Engineer: 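Dropping a structure here in structure tokens format, bear with me for questions.
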Amino acid sequence: MHQTHQIKEAREFIQSKTDLVPEIGIILGSGLGGLADELEDAVIIPYEEIPYFSKSAAVGHANQLVIGTLNGKRIVAMKGRYHYYEGYSLDEVTFPVRVIQALGTDKLIITNACGAVNKEFNPGDLMLITDHINLAGTNPLIGPNNDDLGTRFPDSSEVYNRELRNLAKNIAEENNINLQEGVYTWWSGPAYETPAEIRMIRVLGGDAVGMSTVPEALIAVHGGLKVLGISCLTNMASGILDQPLSHDEVIDVAAQSRSKFVQLIKEVIHQI
Ligand code: HPA
């Protein structure tokens, strides 16, 4: 359970570094960290300096909180995130979301790289997350509830905010960005799924599969934040193509899609 005093201490530490009160939070997934470098008048705070933030070891993640402005909006960006498969508790994975909210934001944009389960999708496509399926066998809200932060049994009928989804769809259309829509499935990892598991996910109604996002989204909704989730589909999920999955492929395709991903996110931030 996240403790109110820990959130306050982390918030006060960040506020001692900047006067800017952010209005939008963004979690930058694999390959997207560069967006944080575009923030103007940025204050960069390494996670390890922030009280109660854990140290992340994930390759390709910078592990900095970056606060600044982008397209006229005040932003707090997570350049790098914690993953459950790294061994962090879900409290640790999601603590930054509580702090992002405490800083004054009411919206959170969550991005990730994930595998395409829906055979109509292609590697490199972007996908608007309409809903999720939690197949990780756990939940970040398990444990005593902190009533200061949210209710014991939060409604999950609209985790991914409809208004923000419509905005993203319109922006994608206006900018000729092909934006798929679908259900994201959270798989704990770190092993990629087996072909049989992917067939199961398809039967269950999943369009994509990945190892992040759902814990942060659940905590955000518990706290009352509006969430927008956008994925980069870096590969066809296990067994769809007759080839093994590799992390290098994930990183390569994420890099190839980066410019349209960044364009979409920046325009969403502008119009939000
Ligand atoms: N499965 C799970 N996580 C992923 C994948 C995948 O195929 N691609 C990128 N992240």
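Atoms within a ligand are numbered from 1 in the order they appear, just like the ligands themselves. Values in this document were obtained by computation on a predicted structure and should not be read as measured data. Here, residue 1 is the first one in the sequence, and each next residue gets the next number.
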Engineer: Rounded to the nearest 0.5 Å, what separation is found between the CD atom of Glu267 and the CG atom of Asn71?
Structural biologist: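 It is 6.5 Å, given to the nearest 0.5 Å.
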Engineer: Output yes when Lys169 and Glu173 qualify as a salt bridge under the 4.0 Å nitrogen-oxygen rule, no when they do not.
Structural biologist: no
Engineer: Please verify whether a non-hydrogen atom of Tyr192 lies at under 4.0 Å from ligand 1.
Structural biologist: yes
Engineer: Please state which protein non-hydrogen atom is closest to atom 10 (N) of ligand 1 and give its distance, to 0.1 Å?
Structural biologist: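 Residue, atom and distance for the closest contact: Ala113 O, 3.4 Å.
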Engineer: Give me the residue, atom name and distance of the protein heavy atom closest to atom 1 (N) of ligand 1.
Structural biologist: Glu193 OE1, 2.9 Å
Engineer: Before accepting this row, confirm whether a basic side-chain N of the pair Arg202/Asp207 lies closer than 4.0 Å to the acidic partner's carboxylate O.
Structural biologist: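 Asp207 and Arg202: not salt-bridged.
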Engineer: Side chains of Ser54 and Glu92: any donor to acceptor distance under 3.5 Å?
Structural biologist: yes
Engineer: State the atoms of ligand 1, each with its element, that fall below the 4.0 Å cut-off from a heavy-atom position in Met211.
Structural biologist: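 It comes down to these atoms of ligand 1: 2 (C), 3 (N).
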Engineer: Which of the numbered atoms in ligand 1 are below 4.0 angstrom from a heavy atom of Val250?
Structural biologist: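 The atoms of ligand 1 under 4.0 Å from a heavy atom of Val250 are 8 (N), 9 (C).
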Engineer: Tell me which one of Asn146, Asn145, Thr151 satisfies side-chain hydrogen bond (donor to acceptor under 3.5 Å, both in side chains) with His222.
Structural biologist: Asn145
Engineer: Are the aromatic ring centres of Tyr184 and Tyr160 under 6.0 angstrom apart?
Structural biologist: no
Engineer: Specify the protein heavy atom at minimum distance from atom 5 (C) of ligand 1: its residue, its atom name, and the distance to 0.1 Å.
Structural biologist: Gly115 N, 3.4 Å
Engineer: Considering only non-hydrogen protein atoms, determine which one is nearest to atom 8 (N) of ligand 1 and report residue, atom name and distance to 0.1 Å.
Structural biologist: Asn235 OD1, 2.7 Å
Engineer: Under a 4.0 Å threshold between the charged nitrogen and the carboxylate oxygen, would Glu23 count as salt-bridged to Lys73?
Structural biologist: no
Engineer: Can you tell me which portion of Thr234 lies within the under-4.0 Å heavy-atom range of ligand 1? Options are side chain, backbone, both, or neither.
Structural biologist: side chain
Engineer: By number and element, which atoms of ligand 1 are closer than 4.0 Å to a non-hydrogen atom of Gly210?
Structural biologist: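 Contacts of ligand 1 toward Gly210, numbered from 1: 2 (C), 3 (N).
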Engineer: Relative to the heavy atoms of Leu245, which atoms of ligand 1 are at a distance of less than 4.0 Å?
Structural biologist: 7 (O)
